[in-house]
Amino acid sequence: MAIDLFNTLSGTVEPLAPEQANELRMYCCGPTVYDYGHIGNFRTFLHVDVLRRVARLQGMKLKHVMNITDVDDKIIRNAAAANMPISEYTAKFERAFFEDMEALGVERPEIVPHATESIPDMVSLIQTLAKEDIAYRADDGSWYFRIAKFPDYGKLSKKDFEGIEDGARVDVDEYEKDSARDFALWKAEKNGEASWQTDLGTGRPGWHIECSAMAMKHLGPTFDLHAGGEDLMFPHHENEIAQSESATHKPFARHWFHVRFLLVEGKKMSKSEGNFFTLRDLLLKGYRASAIRFLLLSVPYRHQMNFTFEGLTESANAIDRLRTFAERMRTAIFSGEENSELAALIAEKQQAFDAALATDLNTAEARAAMFDVVRAANSAADQNKVSAENAKAILVFLQRFDSVFDVLTDRDQKITKAALDWAEKEGRIGEAAEGLVEAAGLSDNEIQKLVDERTLAKKQRNFARADAIRNELAEKGVLIEDSKDGVRWKRK
RNA sequence: GGCGCGGUACCCAAGUGGUAAGGGAGAGGUCUGCAAAACCUUUAUGCGUCGGUUCGAUUCCGACCCGCGCCUCCA
């Protein structure tokens with residue numbers, strides 16, 4: 001099944017067709033490691049992760065490159081404010097970034113190059129452009145890209161630059177450019193800021209050049225797909241195209257994938273709006289990593305998504321239902337006769353699941369297909385109409401579902417605990433939600449001991465004691481469920 | 001101003017030229033010592049408004065209203 005995917009460049013949904021049929025070679029703009037990642041960042045990476053996983057489900061191998069931008073204005077500014085060397089500062093936030101990605105179940109791309117390790121590649125790319133007079137050196141030693149030399153400029157973001165007057169809005173410190181639209185390839189060293197001595201002079205790279213250089217270094221002049229947040233479409237990706245195609249005279253990425261913005265409480269997230277959240281903020285508030293992942297994936301990537309705390313709670317509940325169901329399918333003994341009706345439904349829904357994902361990554365519809373099976377199978381199981389074969393087929397589907405959504409395995413406790421440890425170290429433990437520290441401190445053994453005690457009390461028909469234990473555990477976020485197959489408990 | 005997206009039940013949300021998936025929440029019920037879990041029933045004659053095309057529109061077209069994003073090295 002081919003994956004149909006919207007291509008920003010063509011403006012239509014078209015089959016994702018890797019040049020080498022069984023390998024998807026893609027580039028995704030990675031983080032600038034100047035601070036902790038916020039949930040908007042992660043929405044993008046999460047949907048790129050889904051793309052990866054769906055491609056793999058369709059039998060493709062992956063060569064996925066994601067850069068780390070470890071030098072830029074914000075980094076220089078923040079590192080100075082923190083009184084840390086830049087490399088130490090960026091290392092800290094890069095580490096945090098990958099911890100967060102792991103917490104959210106985002107797979108690590110195959111290749112993760114750093115901007116600061118790719119300077120020579122950028123320099124040589126700029127030199128190539130300079131040979132054709134596309135790159136030019138300004139009086140202060142900075143290098144710019146001459147947009148007039150690239151007639152296709154604007155083809156990605158569908159902007160028509162004809163008629164825009166040069167110099168209409170020139171910044172004071174940009175007066176050296178030939179045209180206001182020209183963008184920096186290389187910034188001359190100033191004020192003793194981070195710089196490299198190169199054949200272009202002493203300075204540091206402009207933002208866009210790093211992605212062109214790193215993408216082409218690892219994927220060649222033309223590759224299958226380029227991804228990023230919608231805001232990167234212009235100017236970042238437009239500039240990448242201009243630089244790369246001017247240098248190689250070949251098409252750059254063939255398919256462009258953009259994830260639309262996340263809104264929080266109906267507004268674009270921003271610190272001044274007070275609706276700005278990092279992953280760690282949410283973990284400290286007591287929300288589970290799996291719920292955050294599931295919520296961020298519940299709205300397809302091409303739609304704006306409005307993030308709410310209510311939504312997080314709903315997602316957590318939905319995951320609980322899935323996990324309970326998966327556990328039931330794994331552990332219950334199914335002695336029913338083969339239920340061909342159920343078997344047909346499972347097959348049909350699994351197909352619907354695949355089809356939904358292959359249709360521009362419709363995660364909402366894919367989700368629904370899984371839930372259709374949950375309800376039908378639970379219902380059948382209640383009537384003892386599930387065969388061992390049925391259960392097996394359901395487990396296969398669940399695994400397929402989880403190979404994309406990755407929420408069934410409960411890593412939440414561990415992740416929350418790690419977040420609390422981090423908060424302790426950073427002096428932010430005061431922000432932790434009430435009871436969170438206590439709940440995290442409660443070990444499985446301690447819980448089991450209380451559960452056993454309650455079971456004994458129940459046997460002795462000492463219901464008052466049993467209920468007291470249940471309430472005590474509930475206060476610490478542990479729910480007890482009695483069933484025919486014994487007592488289960490889970491952390492809420 | 002230019003470009004683009006969206007307005008579907010209490011909340012989130014999918015979708016189609018032929019009469020509204022799924023999740024969460026609420027209500028009632030079955031089960032249970034009581035709960036929980038699970039299941040059953042139930043919650044939009046309705047898909048922003050007004051026109052048009054059509055045998056038929058939520059789905060196509062037009063206008064309007066509302067919300068949002070990009071056009072500033074913000075995912």
Side-chain angles (χ1 to χ4, degrees), chain A residues 8 11 28-32 37-48 69 72-74 154 157-161 163-164 169 171 183-184 187 206-208 227-236 238-239 258-263 266-271 276 294-295 298-300 302-308 310-322 324-325 327-328 349 352 356 359 362-372 374-383 458 461-464 466-467 470-471 474 479-485 487-490 492:
Chain A
T8 311
C28 173
C29 289
T32 300
H38 61 250
I39 52 177
N41 294 317
F42 291 120
R43 164 150 142 112
T44 298
F45 296 119
L46 237 8
H47 280 279
V48 171
T69 300
D72 95 316
D73 292 343
K74 288 190 292 287
S157 53
K158 316 283 185 270
K159 291 187 191 307
D160 183 5
F161 291 93
I164 293 182
R169 273 183 58 195
D171 235 358
F183 57 90
K187 297 178 171 183
W207 174 36
H208 317 295
E230 64 166 325
D231 59 315
L232 296 183
M233 210 161 89
F234 186 87
H236 184 53
E238 200 71 69
N239 291 351
H258 289 103
V259 180
R260 295 213 65 195
F261 263 135
L262 173 80
L263 308 176
K267 282 265 191 282
K268 185 172 159 175
M269 190 166 45
S270 74
K271 285 181 177 161
F276 183 95
F294 205 44
L295 177 62
S298 68
V299 179
R302 217 141 63 81
H303 291 275
Q304 264 176 358
M305 139 162 219
N306 189 15
F307 179 94
T308 63
E310 198 185 343
L312 272 182
T313 304
E314 289 173 3
S315 286
N317 291 343
I319 290 173
D320 277 342
R321 183 164 169 217
L322 286 170
T324 303
F325 173 71
E327 181 70 9
R328 183 178 195 184
K349 292 302 175 184
T359 308
N362 192 334
T363 44
E365 216 175 297
R367 227 182 86 137
M370 185 74 251
F371 277 104
D372 283 336
V374 171
R375 185 171 12 78
N378 265 329
S379 177
D382 281 359
Q383 300 165 59
K458 261 180 47 168
R461 303 197 68 77
N462 183 355
F463 295 122
D467 289 352
R470 185 167 65 195
N471 290 338
L479 291 186
I480 291 185
E481 295 169 10
D482 296 331
S483 80
K484 291 189 207 81
D485 309 317
V487 184
R488 284 192 301 264
W489 61 265
K490 65 183 178 193
K492 189 72 182 169

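As the structure is a prediction and not an experimental result, all values here were calculated from the model. Quick note on labels: first sequence line is chain A, next is B, and so on, each numbered from 1.
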Given [options], which nucleotide is nearest the side-chain atoms of [X]?
| X | options | answer |
| --- | --- | --- |
| A:Phe234 | B:rA25, B:rG22, B:rC71 | B:rC71 |
| A:Glu310 | B:rC11, B:rG22, B:rC68 | B:rC11 |
| A:Ala364 | B:rA37, B:rA38, B:rA13 | B:rA13 |
| A:Thr44 | B:rC68, B:rC39, B:rA75 | B:rA75 |
| A:Pro235 | B:rC73, B:rA13, B:rA35 | B:rC73 |
| A:Phe463 | B:rG33, B:rG2, B:rA75 | B:rG33 |
| A:Lys74 | B:rC73, B:rA25, B:rA14 | B:rC73 |
| A:Phe261 | B:rA75, B:rC39, B:rC11 | B:rA75 |

Less than 4.0 angstrom between a side-chain N/O of [X] and OP1 or OP2 of [N], yes or no?
| X | N | result |
| --- | --- | --- |
| A:Asn362 | B:rG15 | yes |
| A:Asn41 | B:rC74 | no |
| A:Arg375 | B:rG22 | yes |
| A:Arg321 | B:rC39 | yes |
| A:Lys458 | B:rA35 | no |
| A:His303 | B:rG69 | no |

Using a heavy-atom cut-off of under 4.0 Å over every strand shown, decide if [X] touches base, sugar-phosphate, or nothing.
| X | result |
| --- | --- |
| A:Ile480 | base |
| A:Gly40 | base |
| A:Pro31 | nothing |
| A:His258 | nothing |
| A:Val299 | sugar-phosphate |
| A:Asp467 | base |
| A:Ser483 | nothing |
| A:Gln383 | nothing |
| A:Leu295 | nothing |
| A:Gln304 | base |

Any donor-acceptor pair under 3.5 Å between the side chain of [X] and the base of [N]?
| X | N | answer |
| --- | --- | --- |
| A:Lys268 | B:rC68 | no |
| A:Arg470 | B:rC34 | yes |
| A:His38 | B:rA75 | yes |
| A:Lys187 | B:rC73 | yes |
| A:Glu314 | B:rG23 | yes |
| A:Asp482 | B:rC34 | yes |

How close or far is atom [atom2] of [N] from atom [atom1] of [X], stated in whole angstroms?
| X | N | atom1 | atom2 | result |
| --- | --- | --- | --- | --- |
| A:Asp372 | B:rG22 | CG | P | 6 Å |
| A:Glu230 | B:rC5 | CD | P | 12 Å |
| A:Phe371 | B:rA13 | CZ | C1' | 12 Å |
| A:Asp231 | B:rA75 | CG | P | 6 Å |
| A:Met305 | B:rG7 | CE | P | 15 Å |
| A:Glu365 | B:rU16 | CD | C1' | 11 Å |
| A:Glu481 | B:rC31 | CD | C1' | 14 Å |
| A:Glu238 | B:rU72 | CD | P | 12 Å |

Could you please name the partner base of [N], counting Watson-Crick and G-U wobble pairs only when both distances are under 3.5 Å?
| N | value |
| --- | --- |
| B:rC34 | none |
| B:rG62 | B:rC50 |
| B:rC74 | none |
| B:rC10 | B:rG24 |
| B:rU45 | none |
| B:rG67 | B:rC5 |

Rounding to an integer number of angstrom, what distance separates [N] and [M] when you compare their [atom1] atoms?
| N | M | atom1 | value |
| --- | --- | --- | --- |
| B:rA38 | B:rU59 | P | 37 Å |
| B:rC39 | B:rG52 | C1' | 48 Å |
| B:rG51 | B:rU43 | C1' | 32 Å |

Under a 3.5 Å distance rule, please check whether [X] uses its side chain to pair with a backbone N or O of [Y] as donor and acceptor.
| X | Y | value |
| --- | --- | --- |
| A:Arg43 | A:Arg260 | yes |
| A:Lys158 | A:Thr8 | yes |
| A:Ser315 | A:Leu312 | no |
| A:Glu230 | A:His258 | no |

Practice problem: Map A:Leu322 and A:Thr313 onto RNA chain B by nearest heavy atom, then report which one ends up closer to the 5' terminus. | Solution: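 By nearest-heavy-atom nucleotide position, the 5'-most residue is A:Thr313.
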
Exercise. Anything under 30° is parallel, anything over 60° is perpendicular, the rest tilted; go ahead and classify A:His236 against A:His208.
Key: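 A:His236 vs A:His208 ring planes: tilted.
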
Self-check item: Geometric class of the A:Phe294/A:Phe371 ring pair [parallel <30°, tilted 30-60°, perpendicular >60°]
Solution: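 A:Phe371 and A:Phe294: tilted rings.
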
Exercise. Evaluate side-chain contact (heavy atoms from CB on, under 4.5 Å) for A:Glu314 paired with A:Thr308, printing each intermediate quantity in order.
Key: CA-CA 10 Å; A:Glu314 289 173 3; A:Thr308 63; over 6 Å; no

Exercise. Could you walk me through whether A:Lys490 and A:Thr324 pass the side-chain contact (heavy atoms from CB on, under 4.5 Å) test, one step at a time?
Key: CA-CA 10 Å; A:Lys490 65 183 178 193; A:Thr324 303; 3.5 Å; yes

Quiz item: What pairs with A:Phe234 under side-chain contact (heavy atoms from CB on, under 4.5 Å), at least two apart in sequence or on another chain?
Solution: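 So A:Phe234 forms a side-chain contact (heavy atoms from CB on, under 4.5 Å) with A:Tyr153, A:Ser157, A:Lys159, A:Phe161, A:Glu238.
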
Practice problem: Before accepting this row, confirm whether a basic side-chain N of the pair A:Lys187/A:Asp73 lies closer than 4.0 Å to the acidic partner's carboxylate O. | Solution: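 Salt bridge present between A:Lys187 and A:Asp73.
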
